[in-house]
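Read the structure below first, then the notes.
Every chain is numbered from 1 and lettered A, B, ... according to where its sequence line falls, protein lines coming before strand lines.
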There are 2 protein chains.
Amino acid sequence: MAVPAVPASGATDVEQAMFEFVDAYNQAWEAAASEHGLSTAHACVLGRVETRRSMGELAEELRCDASNITQIVARLEARELVHREPNPEDRRSRQIVRTPSGDDLYGEFEESFEFPRAAASNLTVAERKQFAALLHKALRR
Amino acid sequence: MAVPAVPASGATDVEQAMFEFVDAYNQAWEAAASEHGLSTAHACVLGRVETRRSMGELAEELRCDASNITQIVARLEARELVHREPNPEDRRSRQIVRTPSGDDLYGEFEESFEFPRAAASNLTVAERKQFAALLHKALRR
DNA sequence: AGCAGGTGCTTGATTCGCTCAAGGGAACAT
DNA sequence: ATGTTCCCTTGAGCGAATCAAGCACCTGCT
């Protein structure tokens, strides 16, 4: 159910454009993940463990329950994409790292997720700068 | 697991900015839905049935299996947010419509989904026009 | 040292979202 | 009317998510 929200009846042009852009981004991201046999959850986790991370850190960054991470990491580990190491400083904690084959798979995934590169390449250098500035400014609260 | 992709190591500024914007949009959308007791799937469907739609149309628009829609509509119907009517022109088909209380709930949801309005209001009128144009241009393929 | 309480993770139960396979009933084409 | 196609539903099964409970370990206090 990739489609977030149909734009409100009274939506302005910009709002409509934001929606379309976000939807396209989401769709492209999901498609790239599934092309590599990754669920969105797996791709999220795999992306974060490029540098060593604990379960708790993952749970916090991905805004979900720790037990959810346990489950996902277990599946990634079963596929040998990820490795769970003891933390010598705190024996309750586990450090998650990508295995070489996890690195490879994630690399391929990133490469096939062309959307951001393609979007940027549709713009001139000056426009890219502008676009980045506007994206940031729109976020400011 | 709202967080789509951590930006690639070699990501440029624009790409990073796109990611942040999309992430914020997604997060805001999910939060607004959950504030109103809606899952993302329910919010998607509820949003589309402002105008009468068949199950098949919903499945196509939301890019998922028809049986998934059956299930979701059943839950929405149990909450009386939606109503399933026979289609006089084709008795195999069902027409889905929001009930008045479905209209109310969706209205409140849309109101609480401030993100696009807030984003627009961070920009001047000229910037909004520019932003919309860039969003579109970035999507062109 | 010893205990109380907090932390980090796992397990189990449960729900929802999603897909696939199978099937029923209705439309349609010949 | 008969066979095919179409729309939807049902059932089975898995992944994702949450919550409640529990275990192992750390920390702070006395």
Exercise. How many Å lie between CD on B:E85 and P on D:dC8, as a whole number?
Worked result: 14 Å
Exercise. Rounded to the nearest Å, what distance is computed from the CG atom of residue B:L62 to the C1' atom of nucleotide C:dT19?
Worked result: 15 Å
Exercise. Does one hydrophobic cluster hold both B:F131 and A:L123, with members joined at side-chain heavy-atom distances below 4.5 Å?
Worked result: yes
Exercise. What integer distance in Å separates B:R53:CZ from D:dC8:C1'?
Worked result: 18 Å
For this session: Classify the ring geometry between B:F113 and B:F115 as parallel (under 30°), tilted (30 to 60°) or perpendicular (over 60°).
Result: parallel
Seminar exercise, completed: On DNA chain D, more 5' by nearest nucleotide between A:H42 and A:R91 is A:H42
For this session: May I ask whether B:L135 and B:L139 are part of the same hydrophobic cluster, defined by side-chain heavy atoms of I, L, V, M, F, W, Y residues being less than 4.5 angstrom apart, directly or through others?
Result: yes
For this session: Drop me the distance from A:S93's OG to A:E85's CD, to the nearest 0.5 angstrom.
Result: 11.5 Å
Seminar exercise, completed: note: A:L38, atom CG; D:dG15, atom P; distance rounded to Å ~ 14 Å
Exercise. Is any side-chain heavy atom of B:V73 closer than 4.5 Å to a side-chain heavy atom of B:R94?
Worked result: no
Considering only nitrogen or oxygen atoms on both sides, find all protein atoms under 3.5 Å from nucleotides 7-15 of chain C and state each distance.
unit_1	atom_1	unit_2	atom_2	d
C:dT7	O4'	A:R92	NH1	3.2
C:dT7	O2	A:R92	NH1	2.5
C:dC9	OP1	A:M55	N	3.3
C:dC9	OP1	A:S93	OG	3.2
C:dC9	OP1	A:R94	N	3.2
C:dC9	OP2	A:G56	N	2.5
C:dT10	OP1	A:R84	NH1	2.6
C:dT10	OP2	A:T70	OG1	2.7

Seminar exercise, completed: In A:E60, A:E57, A:E61, the residue satisfying salt bridge (Lys or Arg N to Asp or Glu O under 4.0 Å) with A:R48 is A:E61
Exercise. What's the CG-P distance between B:N87 and D:dT9, to the nearest Å?
Worked result: 13 Å
